[in-house]
*Asks:* 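Can you read through this structure? Questions will come right after.
Every chain is numbered from 1, with letters handed out A, B, ... down the list of sequences.
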Amino acid sequence: MTTLFGPDQTTANGVSGAPVIVQESGRERGSGYSRSSLLDGLNPQQLEAVEYRGQALLIIAGAGSGKTSVLTRRVASLLESREAWPSQILAITFTNKAAAEMRERVVALVGDHARGMWISTFHSACVRILRAEAERAGLSSTFSIYDSSDTRVTLKRIIKGLDADTLGFTPANVSAKISKLKNELADVDSYARNANMSDPQEVMFVEIFRQYTQRLRAASALDFDDLIGETVYLFRAFPRVAALYRRRFRHVLVDEYQDTNHAQYALVRELTRPVDAELADELEAQGLHVRNVQDSTGAIPGASLTVVGDSDQSIYAFRGADIRNISEFERDFPGAKVVLLEQNYRSTQNILSAANAVIGNNFDRKEKKLWTAGGDGEKIVGFTGYSGHDEAQFVADEIEALHQAGTDYRDIAVFYRTNAQTRALEEILVRAAVPYRVVGGTKFYERAEIKDAMAYLIAVANPDDELALRRILNTPKRGIGPATETQLGSFAADNGISYRQAMRDAAALGLGPKVTNAILQLARLLDEAALMLDPASPAGAASVSDVLTFLLEGSTLLSVLRSSRDPQDEARAENIEELVAQTKDFTRENPDAGLVDFLTQVSLVAAADDLDDASGTVSLMTLHTAKGLEYNAVFLTGVEEGLLPHQMSAHEPGGPAEERRLFYVGITRAKKRLYLSLAMTRAQFGDINVAMPSRYLQEIPADLIDWRQSPGMANSRGGTQSRALNARRDGYGKREQQGLPPAPKPKTEWANRVTAQVRDNGDLTLEPGDRIRHVDFGDGRVNQVTGEGTKRIAHVLFDSAGAKKLLIKIAPIEKL
DNA sequence: CGTCGGGTGCTTTTT
DNA sequence: GCACCCGACG
């Protein structure tokens with residue numbers, strides 16, 4: 001990704017020779033500044049947010065208030081007016097995708113010379129700093145980055161070794177606690193100092209934490225939280241290193257500030273501190289030009305800080321995000337300017353009214369009301385299904401209706417609270433032949449075969465990484481079992497050598513010749529691959545894809561999958577080939593980047609990053625992933641008690657309020673049409689539970705929602721449901737409350753009932769004119785058949801259920 | 001050492 | 001309704 005390691009991006013030290021010309025805030029703009037194009041179409045508040053110059057600026061940006069536009073224009077205006085060089089700008093976004101988009105937009109405004117900016121996520125920026133300063137931080141510059149599953153595996157081994165599971169420790173709860181501590185910038189020692197060591201539970205936790213820290217260090221690995229924390233430690237321990245970056249970045253901008261945690265806050269503070277005169281002179285003496293940024297006392301003033309956020313969209317408290325970072329910004333940065341953006345350019349007034357009504361139920365918030373000049377628009381559509389499948393069928397039908405009416409699939413999104421909800425949705429969407437994509441979820445890089453292939457690369461890049469080595473030791477199967485794996489580990493520990501070295505010395509273990517050979521062969525393979533990257537060797541300077549291909553061939557990982565008789569292995573082989581293709585793309589896009597750069601990029605991709613705008617498909621994603629995105633039509637599914645708000649949030653302080661913000665985020669993603677749907681029963685853990693409408697639904701004024709099938713209407717359909725479902729709530733079931741008979745049942749009420757059974761019609765062939773019978777939709781006539789092979793789709797006009805598209809292979813149909 | 005089968009426990013959201 | 005863990009067997 002060009003965002004991270006563009007060839008023209010140099011490290012903080014690398015640009016030291018460039019002349020630095022900075023105009024202090026408040027001065028006249030340069031003459032080349034074309035004010036009009038940059039400021040076109042901005043409202044007065046936006047204008048102020050773009051043009052304000054001062055130490056600290058807080059932009060409170062309501063959903064859809066043109067925040068990205070303001071941020072990019074602010075950066076562009078700094079560049080255009082020559083107040084800053086591109087290299088003096090650091091902009092932090094939440095995802096790589098947002099970073100790429102921002103870079104693109106700034107380049108579009110001011111041209112190519114803007115490329116030297118750092119626009120990246122907190123994590124990417126920290127990795128860059130840490131790799132550049134690795135030596136001083138006592139790290140290997142090729143350190144591995146452990147994701148949550150790596151952390152889990154490591155903790156699992158530690159817990160097992162300590163028999164700590166008997167005390168109730170699980171990888172999940174320990175990693176959550178460690179993460180929380182690291183977000184507060186605590187480490188083992190600082191934690192242990194304040195721990196109650198008479199509590200055996202505490203003692204054990206400290207021991208687990210200590211071993212975890214040691215293992216990561218031994219493996220030259222950092223987890224996600226370390227990336228931020230270690231950078232803060234680095235700056236605090238080495239003021240001279242910090243000074244380099246403080247001198248370099250004169251303008252720091254942080255997006256989604258409401259979701260920053262304490263460590264990220266501390267990092268921002270470190271970056272925006274002044275450099276005292278003495279240190280500044282020292283930098284000058286080293287040949288770094290500081291004269292132009294020094295003030296009259298010789299010090300370098302702190303960088304200007306711009307943060308953008310909306311506390312109503314703070315949805316990451318569970319991950320340590322601290323809403324106080326934004327609510328106390330003015331206290332933290334005295335004299336800070338605050339600009340409030342309330343005008344919404346995204347949604348219709350009906351959608352905004354619903355959003356305002358919902359979020360108004362959270363106390364402790366700054367009053368803020370979104371408004372639009374764009375008109376009321378369509379009503380919100382509500383639907384209650386009998387089951388999750390029923391709900392999904394509604395979604396599929398409406399998507400088709402929207403598509404027929406001219407809405408592109410790519411302009412439609414389906415949101416849900418938990419990933420588990422995708423199952424029913426996917427089943428129905430596949431059957432209805434709606435093209436869709438699940439954003440995030442089981443990510444490409446989380447697939448086992450991809451992690452295997454990546455582990456080979458990691459083992460080459462970072463020979464200390466025992467986790468990666470142990471993962472590939474017996475993948476593909478080489479007859480090296482758990483016993484041998486452990487033996488290698490103890491051999492390494494006993495002799496004070498690395499796991500990798502133990503593998504090279506495997507002959508000394510006295511194992512069978514077959515096993516010994518297998519280990520030695522793997523060790524040799526990795527050494528040879530490392531040589532391909534060693535500039536000192538004749539084979540050096542190989543590309544990432546060359547190395548990967550070499551490793552795949554030498555390990556037979558790919559050929560084993562190809563010749564397997566397990567049909568799933570074919571897909572796995574294809575995935576690995578896709579990975580090879582990605583390494584080639586990577587090298588083409590970043591000719592100067594190497595293996596470590598590739599690994600870094602892969603480690604830091606977020607769910608939202610793999611969103612492909614060009615794909616003509618409906619997007620499915622969690623509400624969390626949806627933040628920052630917008631769609632013409634949004635389906636917000638599973639609006640039920642226990643799901644939204646989620647069961648788990650009930651016991652946490654601030655839980656229900658955060659869930660409400662999540663609902664608010666979901667609502668405000670919709671530009672034109674919003675659908676709220678729920679089900680009366682939902683499958684969970686394999687069995688079926690009764691669900692109740694979410695409390696948040698009541699908070700939306702009833703006249704904003706057009707219930708196609710309300711919870712009340714659904715209830716009236718016979719008394720088979722539990723009492724809980726009959727509990728009447730305000731805002732729906734109005735007819736019953738007024739003593740009216742239930743509204744006439746729309747035909748969808750029965751047509752939407754769908755069986756979840758999966759079937760296979762083999763190579764059933766259908767042709768236009770054929771009559772068929774569908775388990776749920778009844779009889780119908782085939783109008784048209786499209787698609788190839790297993791993806792053949794029948795376009796059927798049912799006698800009573802209307803027009804549907806069906807995937808012939810799996811639809812519950814028979815030919816009449 | 002590898003494979004298969006049955007039991008268990010689990011899911012909130014993610015850089 | 002799945003993934004993972006463990007134990008039995010080849």
*Asks:* Please enumerate all protein N or O atoms sitting under 3.5 Å from an N or O of nucleotides 2-8 of chain B, with distances to 0.1 Å.
*Replies:*
residue: dG2(B); atom: OP1; partner: G479(A); partner atom: N; Å: 3.1
residue: dG2(B); atom: OP2; partner: N474(A); partner atom: ND2; Å: 3.3

*Asks:* When you compare the side chain of R682(A) with that of E391(A), does any pair of heavy atoms fall below 4.5 Å?
*Replies:* yes
*Asks:* Is it true that, when you exclude K451(A) itself, more than 12 heavy atoms of the residues, nucleotides or ligands shown sit nearer than 6.0 Å to its NZ?
*Replies:* yes
*Asks:* To the nearest 0.5 Å, what is the distance between CG on D226(A) and OH on Y233(A)?
*Replies:* 8.5 Å
*Asks:* Please determine whether a side-chain nitrogen or oxygen atom of T622(A) lies at a distance below 4.0 Å from atom OP1 or OP2 of dT12(B).
*Replies:* no
*Asks:* Classify the nucleic acid contact of A683(A) as base, sugar-phosphate or nothing, counting any heavy atom under 4.0 Å across all strands shown.
*Replies:* nothing
*Asks:* So that I can compare with my own list, what are the stems of DNA chain B, taken as at least three consecutive Watson-Crick or G-U pairs with distances under 3.5 Å?
*Replies:* B:1-10 with C:1-10
*Asks:* Could you name each residue pair satisfying side-chain hydrogen bond (donor to acceptor under 3.5 Å, both in side chains) that touches residues 475-487 of chain A, not counting sequence neighbours?
*Replies:* Y456(A)-R478(A), R470(A)-E485(A)
*Asks:* Between F94(A) (CZ) and dT14(B) (C1'), how many Å, whole number?
*Replies:* 7 Å
*Asks:* Would you kindly compare Q264(A) and R417(A) by the position of their nearest DNA chain B nucleotide and give the one closer to the 5′ end?
*Replies:* R417(A)
*Asks:* Roughly, in whole Å, what's the span from OH in Y416(A) to C1' in dT13(B)?
*Replies:* 12 Å
*Asks:* Begin with the C-alpha distance, continue with both residues' side-chain angles, and end with the deciding distance and a verdict on ring-ring contact (aromatic ring centres under 6.0 Å, His included) for F318(A) and H646(A).
*Replies:* CA-CA 13 Å; F318(A) 73 93; H646(A) 195 275; over 10 Å; no
*Asks:* Which whole-number value in Å describes the distance from L227(A) CG to dT14(B) P?
*Replies:* 19 Å
*Asks:* Please determine whether a side-chain nitrogen or oxygen atom of S649(A) lies at a distance below 4.0 Å from atom OP1 or OP2 of dT13(B).
*Replies:* no
*Asks:* Would you check if L305(A) and V254(A) make a side-chain contact, meaning some heavy-atom pair closer than 4.5 Å?
*Replies:* yes
*Asks:* If you only use heavy atoms from C-beta on, which nucleotide in dT14(B), dG1(C), dC1(B) is closest to the side chain of A483(A)?
*Replies:* dC1(B)
*Asks:* Starting at CD of Q313(A) and ending at C1' of dT13(B), how long is that distance when rounded to a whole Å?
*Replies:* 16 Å
*Asks:* Please give, in whole Å, the distance from dG9(B) C1' to N173(A) CG?
*Replies:* 14 Å
*Asks:* Tell me if the CG atom of L167(A) is crowded by more than 12 foreign heavy atoms within 6.0 Å.
*Replies:* yes
*Asks:* Atom CD of Q684(A) and atom C1' of dT12(B): how far apart are they, to the nearest Å?
*Replies:* 11 Å
*Asks:* Go through dC2(C), dT12(B), dT14(B) for me and flag the one nearest to the R423(A) side chain.
*Replies:* dC2(C)
*Asks:* Kindly say if N419(A) contacts the phosphate of dT13(B), meaning a side-chain N or O under 4.0 Å from OP1 or OP2.
*Replies:* yes
*Asks:* I want to check one thing: is the phosphate of dC1(B), taken as OP1 and OP2, less than 4.0 Å away from some side-chain N or O of T484(A)?
*Replies:* yes
*Asks:* Between dT13(B) and dC4(C), how far is it from one P atom to the other, in whole Å?
*Replies:* 15 Å
*Asks:* Choose from dT14(B), dT15(B), dT12(B) the nucleotide whose nearest atom is closest to any side-chain atom of M648(A).
*Replies:* dT12(B)
*Asks:* How would you list, by chain and number, every residue that makes a side chain to side chain contact (heavy atoms under 4.5 Å, CB included) with A573(A), sequence neighbours excluded?
*Replies:* L558(A), L561(A), R562(A)
*Asks:* Quick test of the criterion, 5.5 Å between centres and less than 30° between planes. Is F318(A) stacked on dT13(B) or not?
*Replies:* yes
*Asks:* When the distance from CZ of F685(A) to C1' of dG9(B) is rounded to whole Å, what number comes out?
*Replies:* 8 Å
*Asks:* Test of understanding: with side chain to side chain contact (heavy atoms under 4.5 Å, CB included), list the residues that count as partners of N173(A), not counting sequence neighbours.
*Replies:* F169(A), T170(A)
*Asks:* Classify Y316(A) by what it touches in the nucleic acid, base, sugar-phosphate, or nothing, heavy-atom distance under 4.0 Å.
*Replies:* sugar-phosphate
*Asks:* State, yes or no, whether a side-chain contact exists between N96(A) and S124(A) at a heavy-atom distance under 4.5 Å.
*Replies:* yes
*Asks:* Output the rounded distance in Å from CD (E658(A)) to P (dT14(B)).
*Replies:* 12 Å
*Asks:* Give me the atom names and distance for the closest heavy-atom approach of A679(A) to A691(A).
*Replies:* O-CB, 3.5 Å
*Asks:* Other residues, nucleotides and ligands only: do more than 12 of their heavy atoms fall within 6.0 Å of CD on Q521(A)?
*Replies:* no
*Asks:* If you restrict it to nitrogen or oxygen atoms, what contacts under 3.5 Å exist between nucleotides 4-6 of chain C and the protein, and what is each distance?
*Replies:*
residue: dC5(C); atom: OP1; partner: K156(A); partner atom: NZ; Å: 2.1

*Asks:* Are E256(A) and K67(A) within salt-bridge range, i.e. N to O under 4.0 Å?
*Replies:* yes
